2 protein chains.
Amino acid sequence: MKLDLDFLHDKFGKIFEVGLLKELAEFGTYMDVEEGFVLMRPGGYIRTVPILLSGSVKIVRSDSEGREALLYYLGEKDSCAMSLTCCLNSRQSEITAITDSQTQLISVPVSKIEEWMTKYLSWKEFVFMTYQKRFDDLLAAIDQIAFFKLDERLISLLKKKSAQCGCTVFNVTHEELGNELATSREVISRLLKQLERLGRVKLSRNKIELLDIVLK
Amino acid sequence: MKLDLDFLHDKFGKIFEVGLLKELAEFGTYMDVEEGFVLMRPGGYIRTVPILLSGSVKIVRSDSEGREALLYYLGEKDSCAMSLTCCLNSRQSEITAITDSQTQLISVPVSKIEEWMTKYLSWKEFVFMTYQKRFDDLLAAIDQIAFFKLDERLISLLKKKSAQCGCTVFNVTHEELGNELATSREVISRLLKQLERLGRVKLSRNKIELLDIVLK
DNA sequence: GGGGCTTTGTAACAATTATCACTGAACAAG
DNA sequence: CTTGTTCAGTGATAATTGTTACAAAGCCCC
């Protein structure tokens, strides 16, 4: 599918110049990928930078033994700072990026990233804003891991997930939550049961409903 | 003290263009600060970006209750990505930067950061390399906190400190190590004693000597 | 409607880390 | 040399998190 200029204008008219929108339409590649698609994996070479149109992408750090730690989510109009640094320094990925829901995005080739930096002020600002945001995200991730206990981190993760999907009920297994918090399934089950007993969540197979958690 | 062009040429001749070196000499401010000087604290406004000439700077994340987590060290020719993002987006600092030894640095005003980006290719590259490095550092910090147990993190921290000072003996209190690993002094004392019993370190008041640890 | 798979619940126990409460050693300064 | 202060050692105990092992519930599909 070809990118439609009117569509881009609606989406990005407020942050990008007209000339840039045209180039985005011309050189960007539209992609529509299903949930669970791996956009990037550690060691992979990165030749394009994604810009999300809709949906969400989970950015995860994995260690050598297959354990994981959730870093942050990308949402609408977000882009990936890792891709940027990797592209601009032609290095391999250090992280895993995986779609967390049906996701539409524009894929921009490396060559244009640099070219537009000098050509369009709004693109330069976008790139630096992306860095800033991802730095903040990483710092927030460090806060969570370093300063909070698991139960609090779990609640925080549930909130984040509900914010991502925009609703209080979502599908997820205890296993997946365990992976994202770099702990085991059993621990998550225990903590969730505890939260259910406190009336803060409602559990069923493959599904969690937040009760008071969002409101607090 | 005025910055000497020859000195800058020796230090940065390989990475910066001549024109840039001249501007650095003209607009940069030379600073020589003692150990323990706080260059930046959370909430502080940032109007300059530091570039280290020698010494080292510790970058730390603090939470609201005063607990800390070491993020990374800056060494010679390093610069701070936080400063960059904060300057370029005129935001407040999210971290603490404190000199870890006698440190010499050049302080570059915000206005020049942006100007040089379009003017000097080598400066643009330097800025992006800085982002890349700090991203890597943050990811490494997350790896440590998320995937390793305290004893391993302690060893890793000791190694880092010895690398910073370039020797196997250095001054540090258990209290300080505890802060940097976001744990208590007692825990550190116990782990260190364990390491001493294994013949891997030699402890005395305010001082730690690494024995086999460096070699491994 | 009976396997086979995935997901969840949970008890029992182990390991790790945190906290509290002291004690004594090292040092600095009068 | 005494005194006050900082730093380190350590036992006891608690809290948190990890591991093992197994049972049961939900779901898919023939």
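No experiment lies behind these values; they were computed from the predicted model shown. Residue numbering restarts at 1 for every chain, and letters A, B, ... go by the order of the sequence lines.
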inquiry  = Rounding to an integer number of Å, can you tell me how far B:Leu191 CG sits from C:dT17 C1'?
reply    = 9 Å

query = In Å and rounded to the nearest 0.5 Å, what is the CD to NZ distance from B:Glu180 to B:Lys58?
reply = 3.5 Å

ask   = Counting any heavy atom closer than 4.0 Å, what does B:Ser184 reach on the DNA or RNA strands: base, sugar-phosphate only, or nothing?
value = base

query = Are any side-chain N or O atoms of A:Thr103 and backbone N or O atoms of A:Ser56, one a donor and one an acceptor, separated by less than 3.5 Å?
reply = yes

ask   = 5'-most contact on DNA chain D: A:Val187 or A:Lys149, nearest heavy atom basis?
value = A:Lys149

key: Interatomic distance where CG belongs to B:Leu154 and P belongs to C:dA18 [whole Å]   = 12 Å

ask   = Is the distance from OP1 or OP2 of D:dC7 to the nearest side-chain N or O of B:Ser189 less than 4.0 Å?
value = no

key: Value in whole Å for how far the C1' atom of C:dT19 lies from CD1 of B:Ile188   = 15 Å

ask   = Below 4.0 angstrom, N of the basic side chain to O of the carboxylate: do A:Asp136 and A:Lys133 qualify?
value = no

task = Tell me, yes or no, whether the heavy-atom count around B:Arg67 atom CZ, taken from other residues, nucleotides or ligands under 6.0 Å, exceeds 12.
result = yes

query = How long is the line joining CD of B:Glu65 and P of C:dA18, in whole Å?
reply = 15 Å

inquiry  = So, applying side-chain hydrogen bond (donor to acceptor under 3.5 Å, both in side chains) with A:Ser54, which one of A:Glu76, A:Gln104, A:Gln102 is it?
reply    = A:Gln104

request  = Rounded off to whole Å, could you give me the CG-to-C1' distance for the B:Leu177 and D:dA8 pair?
outcome  = 12 Å

task = Report the nucleotide, chosen from D:dG9, D:dT10, C:dT16, that has the shortest atom-to-atom distance to any side-chain atom of B:Arg197.
result = D:dT10

ask   = Does D:dG9 have OP1 or OP2 sitting under 4.0 Å from an N or O in the side chain of B:His174?
value = yes

query = What integer distance in Å separates B:Glu176:CD from D:dC7:C1'?
reply = 13 Å

key: Distance in angstrom units between B:Phe148 CZ and C:dT16 P, rounded   = 15 Å

note = The residue, A:Glu196 or A:Arg190, whose nearest nucleotide of DNA chain C is more 5′ is A:Glu196

Pair B:Lys193 + B:Glu196, salt bridge at N-O below 4.0 Å = yes

message = For a quick check under 3.5 Å, do A:Lys160 and A:Tyr72 share a side-chain donor-acceptor pair by atom type?
response = no

query = Out of D:dG18, C:dA18, D:dC7, which nucleotide sits closest to the side chain of B:Thr173?
reply = D:dC7

Protein N or O to nucleotides 21-30 of chain C N or O, pairs below 3.5 Å:
residue : atom : partner  : partner atom : Å
C:dA26  : N3   : B:Arg205 : NH1          : 3.3

note = Winner on side-chain proximity to A:Lys193, out of D:dT10, C:dT10, C:dA18, is C:dT10

inquiry  = What is the separation between atom CZ on B:Phe147 and atom C1' on D:dG18, rounded to the nearest whole Å?
reply    = 16 Å

